Amino acid sequence: MNPNTIRKVAIVGYNRIPFARANTAYANVGNQEMMTAALNGLIDKYNLKGKLLGEVAGGAVIKHTYDNNLIRECVMKTSLDPATPACDLQQACDTGIESAVYIANKIALGQIESGIAGGVDSISDMPIAVSEKLRKILLEARQAKSLGGKIKTFLKLRPKDLSPLVPKNEESQTGLSMGGHTEITAKHYKISREDQDEFALKSHLNMAKAYDEGFFDDMITPFNGLEKDNNLRKDSTIEKLAKLKPAFDKVNGTLTAGNSTPLTDGASCVLLASEEWAKENGLPILAYITFAEIAAIEYVKNQQNLLLAPLFAVSRMLEKAGLNLQDFDYYEIHEAFAAQVLATLKIWESSELSESIGLKKTLGAIDREKLNVKGSSLAAAHPFAATGGRIIGVMAKLLNEKGSGRGLVSICAAGGQGVTMIIEK
């Protein structure tokens with residue numbers, strides 16, 4: 001092919017396992033088991049057994065040391081041709097969608113014909129570290145040449161040195177959790193508790209309806225006794241949500257367990273390919289990835305802006321695509337917190353807020369009936385690296401069922417980053 005030709009990138013498949021609240025259905029499995037299950041479901045669904053793919057890319061936000069070559073290890077446990085290369089990527093909650101961008105770029109440039117992008121995270125299987133002093137003493141004892149030398153080294157230990165270190169769910173630059181930052185976001189942009197609860201309720205009701213209609217039947221492989229996302233609350237009501245206590249700011253907070261995503265386990269993946277490869281393998285082209293953009297935002301001084309980087313990614317992407325924010329049939333915005341999505345929508349609609357945050361222009365309002373129409377992260381929950389694959393799969397299916405159209409995907413992440421994507425049919 002002509003090296004100057006950019007090829008179209010097709011989404012031809014999707015699969016995930018049900019998402020589970022931490023320490024529930026997947027309490028005794030880890031990243032490798034979950035990611036392998038998601039991949040095997042994809043392989044079975046699209047007749048990929050024995051296939052040599054261009055590459056598999058993905059990752060996890062939280063990993064054990066033995067997961068250092070996670071995706072390759074998972075590939076080796078599937079029925080794909082073992083010569084299929086794999087690599088780990090990691091960019092907080094953007095990991096899944098960034099993996100799709102990575103694979104899509106290689107297909108577009110003609111480097112590969114097909115590939116899988118995915119992500120997985122297990123909060124239940126959280127790695128626990130030892131104290132720095134204990135680590136050094138263990139290394140020193142390992143090098144001691146005699147039993148007496150080892151004992152002498154261990155005698156340096158004190159009881160406090162034996163306390164385990166659990167990873168902290170906070171931004172190292174600020175010491176605040178993601179929820180702590182979003183509490184500041186809600187106050188700064190005046191997002192009410194009532195609006196957050198109503199937004200969360202709609203996510204649950206939309207997803208419950210989608211399950212009832214069978215929308216997810218071909219998107220999910222049952223795993224470890226679970227057939228559906230167990231965070232979904234079909235019986236949720238605004239009255240039940242209103243009774244929940246604030247989760248982060250216990251006194252003046254508006255974020256609760258109901259309008260925030262819980263800690264979650266799960267895995268997802270999508271199959272991408274060139275048009276030629278899809279046709280040769282008898283696979284339908286569900287939709288195309290046409291544009292993608294990544295952005296970051298300062299959030300140490302402006303702590304209210306941690307999860308608002310997609311504002312800049314969307315703005316740049318639309319400019320490159322020559323589109324307006326209203327030129328879409330569907331919008332899939334990751335619901336890390338209801339307040340974060342509502343702040344994004346409010347800034348888009350306000351020239352004053354858009355200018356204050358540094359956007360070149362006001363993008364305007366969207367039709368909210370086109371937003372997260374099958375429910376999103378508040379209902380499905382959010383295994384960090386797995387959310388990207390879930391959202392891309394949903395958007396591809398929506399557009400394929402419609403037969404034509406355009407969808408905008410947006411995912412925010414820790415570290416003040418965000419990735420956006422345009423998917424078209």
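Quantities reported herein were computed from a predicted structural model and do not represent experimental measurements.
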K397 to F215, cation-pi by 6.0 Å centre distance and 45° axis angle: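 Pair K397/F215 counts as cation-pi.
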Can you tell whether the side chains of [X] and [Y] come within less than 4.0 Å, N to carboxylate O?
X	Y	value
E276	K279	no
E280	K51	no
D212	K234	yes

Are [X] and [Y] packed together at the side-chain level, in the sense that at least one heavy-atom pair is separated by less than 4.5 angstrom?
X	Y	result
Q196	S260	no
I116	L272	no
R390	T387	yes

Tell me which donor-acceptor pairs under 3.5 Å the side chains of residues 176-186 have, and how far apart each pair is, sequence neighbours excluded?
residue, atom, partner, partner atom, Å
S177, OG, G179, N, 3.4
S177, OG, G180, N, 2.9
H181, ND1, Q303, O, 2.8
H181, NE2, T174, OG1, 2.8
T182, OG1, M178, O, 2.8
E183, OE1, K187, NZ, 3.3
E183, OE1, T254, N, 3.3
E183, OE2, T254, N, 3.1
E183, OE2, L255, N, 3.1
T185, OG1, H181, O, 3.2
T185, OG1, Q304, O, 2.6

Fill in: Chi angles and distances behind the side-chain contact (heavy atoms from CB on, under 4.5 Å) call for L371, K202
CA-CA 10 Å; L371 172 62; K202 189 166 186 179; over 6 Å; no
For residues [X] and [Y], is any side-chain donor paired with an opposing acceptor at under 3.5 Å?
X	Y	value
K425	N400	yes
S377	H382	no
R406	T290	no
T420	E293	no

If the condition is salt bridge (charged side-chain N to carboxylate O under 4.0 Å, His left out), which residues does [X] pass it with, not counting sequence neighbours?
X	result
K240	D235
K228	none
R16	D229

Crowding at [atom1], [X] (>12 non-hydrogen neighbours, <6.0 Å):
X	atom1	result
E355	CD	no
K49	NZ	no
N28	CG	no
E298	CD	yes

- Query: What heavy-atom pair brings I289 and A104 nearest, and what distance separates the two atoms?
  - Reply: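 Residues I289 and A104, closest heavy atoms: CD1-CB, 4.4 Å.
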Tell me, please, which residues at least two apart from K8 pass side-chain hydrogen bond (donor to acceptor under 3.5 Å, both in side chains).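 None.
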inquiry  = Could you work out, with side-chain hydrogen bond (donor to acceptor under 3.5 Å, both in side chains) as the rule, every residue matching N324, not counting sequence neighbours?
reply    =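 Per chain and number, N324 pairs via side-chain hydrogen bond (donor to acceptor under 3.5 Å, both in side chains) with no residue.
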- prompt: Given the rule in the side-chain contact (heavy atoms from CB on, under 4.5 Å) test, do T221 and N40 qualify, once you have shown the distances and angles that lead to the verdict?
  reply: CA-CA 9 Å; T221 299; N40 279 331; over 6 Å; no
**Study point:** Atom pair CD (E332) and CE (M395), whose distance is rounded to the nearest 0.5 Å
**Key:**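 If I round to the nearest 0.5 Å, the distance is 5.0 Å.
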> Between Y189 and I357, does a side-chain contact (heavy atoms from CB on, under 4.5 Å) hold up when you go through it step by step?
Replying inline: CA-CA 11 Å; Y189 292 105; I357 204 172; 3.8 Å; yes
